[in-house]
Amino acid sequence: MSGFKSDFLRTLSERGFIHQVSDETGLDTLFQKEIVTGYIGFDPTASSLHAGSLIQIMMLHWLQQTGHRPIALMGGGTGMVGDPSFKDEARKLMTEETIAGNIESIKRCFSQYLTFGDGLRDAVMVNNADWLRGLNYLEFLRDVGQHFSVNRMLSFDSVKLRLDREQSLSFLEFNYMILQAYDFVELHKRYGVTFQMGGSDQWGNIINGIDLGHRMLDAQFYALTSPLLTTSSGAKMGKSATGAVWLNADLVSPYAFWQYWRNTEDADVERFLKLYTTLPLGEITRLAALGGSEINETKKILATEVTALLHGRNAAEEAAETARKTFEEGALAENLPSVEIPRDTLHAGMGVQALLVQAGLAASNGEARRHIQGGAVRINDEPVKDERAVVSADQLTGEGVIKLSLGRKKHILVRAV
RNA sequence: GGAGGAGUGCCCGAGUGGUUAAAGGGGACGGACUGUAAAUCCGUUGGCUUAGCCUACGUUGGUUCGAAUCCAACCUCCUCCA
């Protein structure tokens, strides 16, 4: 399995990125012989990608690092259709404006991982709306549709799931895989792409693209998929206490992002170091060998390294320092997330429930009340027992803030402005 | 177009006239234990101006003292037939 000779495949294999490869020896040879242009598609379904997409971004990163050329394909066109693969229900259709806005917002984080430009090995970001939007239905059916067998399409697991569950699959969604296959062909024409990567749930879609390449262009395409990642206890990657772990800093702060990785399960530490950091394998082995509570030091390195890749070294170290002060010294860390409350309001006194809601620690007064009753809320580290307690300006500490905590891990600084 | 079946809270899923804000499970959150881990155990899990009130079982009406439960129409999905 890991007898790969090319840098790229060897690296991916050693670091645990590979789930399936379409033609191992053929692809390995290709990577040794020439600069390969490969791509991964991203759905602009939200204004940011989340931690679940990080593995794909890392694959593009390694592709470039080992001397090849990555393309990040934004599914601006396919996003208008919606990928039905393994989904229970039809995805809500998005408007063009939403999609365009999302793409714009997603773009930013890629530049942290890839070097864009016009050079041979420079990364490119493209939008499949560029060629999908202008398609002529009849021509498309004749040129592309004739190569697809519905019988075969129905046999793909991604589709079968929906049918077996007796859930409807609209013709619109059914076409998604055809469009995605067509992307592969189009990218080959435009950029000489011969290689596509993706999550293992994309295997069927990608294979369709390879077949279409054969039939339309008599070209040889290759595919590689990454394993579907879950934590050791089975949770999906990218979900956390507060919801999805977004990559954009305006949705999830560098500190929160750092915390997410800091709380990695023991059993996942080595795997995550390999997948999400660029630390050398030897060092990872050494770090992962630490047992018992010493592994906490390794988790901090994991958190800092992953955060540094995304948000920069400074932001990562700042997050690490904030966490250190808060959790190891029990001190008030200046850089904790904060919420601003008008000075007048605070002087007049504000109910804890309302404050919890304002701070985003509770979704409603009712939830806030339950948290108080459950003994989870503290102000300046003093437990709050009375659900009607009032917080006022005289509780501001010397630093001019009030530390509001929910549970042992969530701390918010209340600032008077 | 015809015949039959289904639509419940974040998700799955019970419930066929009243003590049902709706069993059970999952997930999530909080607590205990720990190492800011896992596992385990306990608690919480519609909203509000909370001894009360409001909203909620696809939608809209109806029957009834009283409906998630009965009736009608509509919407959506599934299966078979055309």
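The figures that follow rest on heavy atoms only: side chains count, while hydrogens, waters and symmetry mates do not. Protein chains get the first letters and strands the later ones, always in sequence-line order, with residue 1 at the start of each.
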Regarding the side chain of A/Asp266, the nearest nucleotide among B/U36, B/G30, B/A37 is B/A37
Whole-Å distance, A/Leu290 CG to B/G35 P, equals 16 Å
(Q) Tell me whether the side-chain N or O atoms of A/Asn365 pair up with the base of B/G47 as donor and acceptor below 3.5 Å, since no angle test is needed here. (A) no
| message | Is A/Lys410 close enough to B/U36 that one of its side-chain N or O atoms is under 4.0 Å from OP1 or OP2 there? | response | no
Rounded to whole Å, CD of A/Gln373 lies from C1' of B/G31 at a distance of 14 Å
_Counting the benzene-type ring for Trp, do A/Phe4 and A/Phe31 have ring centres under 6.0 Å apart?_
no
Could you tell me how far B/A73 sits from B/U63 if I compare only their C1' atoms? Round to whole Å. 15 Å
A side-chain contact here means heavy atoms from C-beta on lying under 4.5 Å apart; do A/Trp131 and A/Arg190 qualify? yes
Aromatic contact between A/Tyr255 and A/His411, with the criterion being ring centroids under 6.0 Å apart: yes or no? no
Work out how far the P atom of B/C57 is from that of B/C10, and round it to whole angstrom.
12 Å
I want to check one thing: is the phosphate of B/A37, taken as OP1 and OP2, less than 4.0 Å away from some side-chain N or O of A/Lys409? yes
request  = Answer yes or no: is there an ion pair linking A/Glu334 with A/Arg415, defined by an N-O contact shorter than 4.0 Å?
outcome  = yes
Between CG of A/Leu361 and P of B/U44 the distance, given in whole Å, is 21 Å
Using Watson-Crick geometry (N1-N3 plus N6-O4 or O6-N4) or G-U wobble (N1-O2, O6-N3), each under 3.5 Å, B/A68 is paired with none
Atom CG of A/Asn263 and atom P of B/A39 are separated, to the nearest Å, by 13 Å
In Watson-Crick or G-U wobble terms, with both distances under 3.5 Å, the base opposite B/A73 is B/U59
Please report the distance separating the P of B/U20 from the corresponding atom of B/G4, rounded so that it comes out in whole Å.
35 Å
Sticking with atom P, work out how far B/U60 lies from B/A38, rounded to a whole angstrom.
44 Å
**Prompt:** Hey, is the main chain of A/Gly101 close enough, under 3.5 Å, to the side chain of A/Ser105 for a donor-acceptor pair?
**Reply:** no
When both distances are under 3.5 Å in a Watson-Crick or G-U wobble arrangement, the nucleotide paired with B/U49 is none
*asked:* Could you tell me how far B/G46 sits from B/A37 if I compare only their P atoms? Round to whole Å.
replied: 27 Å
Is any side-chain nitrogen or oxygen of A/Ser364 closer than 4.0 Å to OP1 or OP2 of B/C48? yes
Checklist entry - Contact class for A/Gln259 vs. all strands (heavy atom < 4.0 Å): base, sugar-phosphate, or nothing? => result base
| Under 4.0 angstrom, heavy atoms only, what part of the nucleic acid is A/Thr264 near: base, sugar-phosphate, or nothing? | sugar-phosphate
Between CD1 of A/Ile295 and P of B/A38 the distance, given in whole Å, is 12 Å
**Asked** For atom P, what is the distance between B/G7 and B/U59, given to the nearest Å?
**Response** 13 Å
(Q) For B/A28 and A/Arg370 - does any side-chain N or O of the residue sit under 4.0 Å from the phosphate oxygens OP1/OP2? (A) no
Partner of B/G4 under the Watson-Crick or G-U wobble criteria, both distances under 3.5 Å, comes out as B/C78
(message) Measuring only the C1' atom in each nucleotide, how far is B/G9 from B/A14? A whole number of Å is fine.
(response) 13 Å
* Sidechain-backbone polar pair: A/Asn380 side chain, A/Gln395 backbone, donor-acceptor under 3.5 Å -> yes
Mate of B/G24 across any strand shown (Watson-Crick or G-U wobble, both atom pairs under 3.5 Å) is B/C12
Take atom P in B/U69 and the same atom in B/A56, then report the distance between them in whole Å. 13 Å
Are side-chain N/O atoms of A/Gln180 and A/Gln202 paired as donor and acceptor at under 3.5 Å? yes
Mate of B/C33 across any strand shown (Watson-Crick or G-U wobble, both atom pairs under 3.5 Å) is none
Here the distance between atom P of B/A37 and atom CZ of A/Phe327, to the nearest Å, is 9 Å
Between NE2 of A/His371 and C1' of B/C29 the distance, given in whole Å, is 5 Å
In whole angstroms, the gap separating P of B/C48 from CD of A/Glu367 amounts to 10 Å
